[in-house]
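Written out below as structure tokens is the structure these notes cover.
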Amino acid sequence: MGLPASGKLTLQDTISRVVHVDDRDRLLQTLKDAAATGKDYECEYRVILPDGRVRWMEQRGRCMPGADGQTVVTRGVSMDVTQRKQAEDLFRLATEASPSGIVLVNDRGRIVLVNTHAEELFGYRREELLGKLVEILVPERFASQHPVHRAQFLAAPTARPMGAGRELFGRRKDGSQFPIEIGLNPIQTPDGMLVLAAVVDISARKFAEAEALQHQAQLGHLSRVAVLGELAASIAHELNQPLSGIVTNASAGQRFIDRGDCNISELRDLLTDIVADGRRAGDVIRTFRGMIKKGDPTWQRVNLNDLVTNVVRMLNSDAMLHSCELKTLLDPNLPAIGGDPTQMQQVLLNLVVNAFDAMRDTPLSHRKVVIATERNGDGAICTSVRDYGCGIPEEARKRLFDHFFTTKAEGLGMGLGIVRSIVESHGGTIAAENVEGGGARFSFSIPAEKGAST
Ligand SMILES: Nc1ncnc2c1ncn2[C@@H]1O[C@H](COP(=O)(O)OP(=O)(O)OP(=O)(O)O)[C@@H](O)[C@H]1O
Ligand SMILES: [Mg+2]
């Protein structure tokens with residue numbers, strides 16, 4: 001079927017008659033080399049049967065020049081290895097189809113098969129890898145230990161992931177390294193144990209993990225920055241009122257002096273207000289320092305009626321500027337609450353300033369803000385600020401208390417956010433509604449101090 005056991009035909013003729021055209025040159029070269037060296041040869045080639053079928057042959061033998069010096073005599077055996085070849089082809093196709101890089105290693109650690117994906121992963125051509133020790137693919141810092149791991153695997157060969165929790169790296173031809181995961185499978189063959197290593201490049205996953213971590217860190221940083229930003233905005237917002245009060249009063253004082261009609265008692269009043277505003281600014285800063293330090297606020301018994309009266313006194317000049325009447329309706333039997341007076345003052349100031357703003361387009365004769373206190377049935381005290389302004393626009397209703405939400409060109413959108421956090425930190429609630437007859441009412445309820453009656 002293959003080459004005759006002894007040559008009567010020329011080698012060329014015989015090969016041309018039966019051997020597959022693609023294998024002829026290789027076989028001829030093998031035989032010529034064997035004839036020249038007199039060494040044993042081994043070659044696999046395909047033959048075409050008379051009926052056109054193709055069979056794989058394996059031939060081993062020795063060839064010698066004939067006595068005439070022209071012919072070649074071959075002695076050896078030929079075996080039909082078609083079945084084995086078909087199985088090998090199937091195996092190769094299967095490994096090629098694998099999404100992993102496949103490296104098949106024999107029990108001496110030599111690479112006997114790689115698929116195209118493994119070539120791409122490690123940057124070698126197949127022929128550069130076949131027959132090499134598998135350590136060629138292992139980073140140098142691990143390579144010396146690798147034969148030990150190989151021996152351990154062969155001693156107890158079971159299919160399992162390699163590395164047992166260690167981070168694994170592959171080494172490319174150019175020396176660069178990349179993170180991998182490896183699944184090991186022992187394959188028992190007549191020629192001994194082979195180990196099939198399925199290699200997956202996990203660079204993309206590692207990169208994504210690192211990115212996610214960085215993201216988290218950035219988010220943490222951003223939220224800290226956001227908190228600081230809000231705090232800074234709150235401080236700026238709350239200091240704005242006393243500072244503009246100081247500037248207004250000081251400018252008025254300057255005008256008195258410039259005009260030469262310096263009325264000492266008026267000047268004294270202005271200076272008293274300036275001192276009060278300065279103190280208030282100091283109190284605001286102290287309150288924020290307290291919030292940052294997470295210490296208890298300066299908790300005291302607070303009578304909300306006194307507080308409202310105080311705030312009205314502070315805002316009287318503002319009310320005049322806005323041509324606005326500032327009225328109070330105070331429940332004479334109001335129990336005290338436990339709270340921080342500066343913070344409660346901030347709540348009222350913010351609500352009243354918003355009320356003034358809301359009445360910019362209200363006819364002068366209708367501009368009125370009413371601050372009322374009353375005892376709720378449930379033991380809480382309700383304080384409300386009602387205006388006769390534009391009312392709360394429908395689209396603003398849900399976001400009123402969000403930080404940085406504002407419908408005003410010059411607004412920061414901090415006022416109501418601050419108000420709500422203060423009210424809630426006092427165990428209270430706040431609500432806003434539009435009122436029949438025009439305008440809005442903001443009311444907050446704070447539980448009365450236990451056992452308090454005044
Ligand atoms: N009394 C009110 N009547 C109608 N709308 C109001 C009233 N109070 C608040 N609003 C609406 O709620 C929004 C948010 O108020 P908030 O006090 O939080 O911020 P702001 O007043 O706009 O700015 P600032 O930070 O200077 O206080 C206002 O822009 C306004 O649209
Ligand atoms: Mg405001």
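Just so you know, these numbers come straight off a predicted model, no measurement behind them. Position 1 is the first residue of the sequence; numbering continues from there. In listed order, ligands and their atoms are each counted from 1.
Using a 4.0 Å cut-off between a side-chain N of Lys or Arg and a carboxylate O of Asp or Glu, E96 and R126 qualify as a salt bridge. Remark: E181 does not engage R166 in a salt bridge, criterion side-chain N to carboxylate O under 4.0 Å. In summary, E44 and R84 engage in a salt bridge, as defined by a charged side-chain N under 4.0 Å from a carboxylate O. Look at E325 and R367 and you find no salt bridge, because none of the NZ, NE, NH1 or NH2 atoms lies under 4.0 Å from a carboxylate O. Salt bridge annotation for R286-D283: present, with a cationic side-chain nitrogen under 4.0 angstrom from a carboxylate oxygen.
Of all protein heavy atoms, the one closest to atom 1 (N) of ligand 1 is D387 OD2, 2.8 Å. Distance from atom 17 (O) of ligand 1 to its nearest protein heavy atom, with residue and atom name: N354 ND2, 2.8 Å. The protein non-hydrogen atom at the shortest distance from atom 31 (O) of ligand 1 is T407 OG1, 2.4 Å. Closest protein heavy atom to atom 4 (C) of ligand 1: G391 O, 3.3 Å. The closest protein non-hydrogen atom to atom 3 (N) of ligand 1 is A358 CB, 3.4 Å. The protein heavy-atom contact nearest to atom 10 (N) of ligand 1 is L400 CD2, 4.1 Å. Looking at atom 14 (C) of ligand 1, its nearest protein heavy atom turns out to be F405 O, 3.3 Å. The nearest protein atom to atom 27 (O) of ligand 1, hydrogens excluded, is given as H237 NE2, 2.8 Å; this is a heavy-atom distance.
In this structure, R386 satisfies the cation-pi test against Y388, with its NZ or CZ atom closer than 6.0 Å to the six-membered ring centre and inside 45 degrees of the ring normal. Cation-pi geometry between R141 and F169 is met: under 6.0 angstrom from the ring centre, within 45 degrees of the axis.
Side-chain N/O atoms of D331 and T373 include no donor and acceptor closer than 3.5 Å. When only modelled atom types and interatomic distance are considered, Q241 and D318 share no side-chain donor-acceptor pair under 3.5 Å.
In the vicinity of G411, heavy-atom distances shorter than 4.0 Å reach the ligand 1 atoms 23 (O), 26 (O). Close contacts between ligand 1 and L416 involve ligand atoms 9 (C), 12 (O), 15 (O), 16 (P), 17 (O), 18 (O) [criterion: under 4.0 Å to a heavy atom]. Each of the following atoms of ligand 1 lies closer than 4.0 Å to a heavy atom of L412: 23 (O), 24 (P), 25 (O), 26 (O).
Residue-level proximity to ligand 1 for F442 is carried by the side chain, the only part with a heavy atom below 4.0 angstrom.
Ligand 1 does not have A396 within reach: every non-hydrogen atom of the residue lies 4.0 Å or more from it. N350 does not count as a contact of ligand 1, since none of its heavy atoms falls under 4.0 Å from the ligand.
The distance criterion of under 3.5 Å between nitrogen or oxygen atoms is not met by A440 with respect to ligand 1. By the 3.5 Å distance cut-off applied to N or O atoms, T406 is counted among the residues near ligand 1.
Coordination check, N354 versus the Mg ion (ligand 2): passed, since an N/O/S atom of the residue sits under 2.8 Å.
For M320, the CE atom counts as loosely surrounded, since its 6.0 Å shell holds 12 or fewer non-hydrogen atoms of other residues, nucleotides or ligands.
Although no hydrogens or angles enter the test, the distance criterion places a donor-acceptor pair under 3.5 Å between the side chain of N106 and the main chain of R108.
For atom 25 (O) of ligand 1, the candidate residues are M414, R397, R386, R441; the nearest heavy-atom contact is made by M414.
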